[in-house]
Amino acid sequence: MPIYEYRCPNGHLFELFQRMGDPPPDACEVCGEGPVERVLYPVAVHFKGSGFYSTDYGRGSGKREESKDGSEPAKKDKPEKKEKAAEA
């Protein structure tokens, strides 16, 4: 069973050990005011590992040139392979 934290209208914080489906308490345990609201905290997220950003979107085939006008950078074209002409 998890521990939930509640806040009353006067700003008191108190914890309550209860099941997930149980209703919130009617009044504050400190001053008796109500209604109380459940306090939610953000979850800490840690991105670990090598290359978090470099592996998310695949590997790029080449470097991009920076444009001077602020538009999207253009990809450098790979030099085309010259086919050997059949000597006749």
Apply side-chain contact (heavy atoms from CB on, under 4.5 Å) to [X] and list each qualifying residue two or more places apart in sequence or on a separate chain.
X     : result
Leu16 : Tyr6, Gln18, Pro25, Glu29
Asn10 : Cys8, His12, Cys31, Glu33
Ile3  : Glu15, Phe17

Qualifying residues under ring-ring contact (aromatic ring centres under 6.0 Å, His included), relative to Tyr4, sequence neighbours excluded: none

Remaining members of the apolar cluster that contains Leu40, side-chain heavy atoms under 4.5 Å: none

Salt bridge (Lys or Arg N to Asp or Glu O under 4.0 Å) partners of residues 35-45, not counting sequence neighbours, each pair once: Arg7-Glu37

Asp26 CG: over 12 foreign heavy atoms closer than 6.0 Å: no

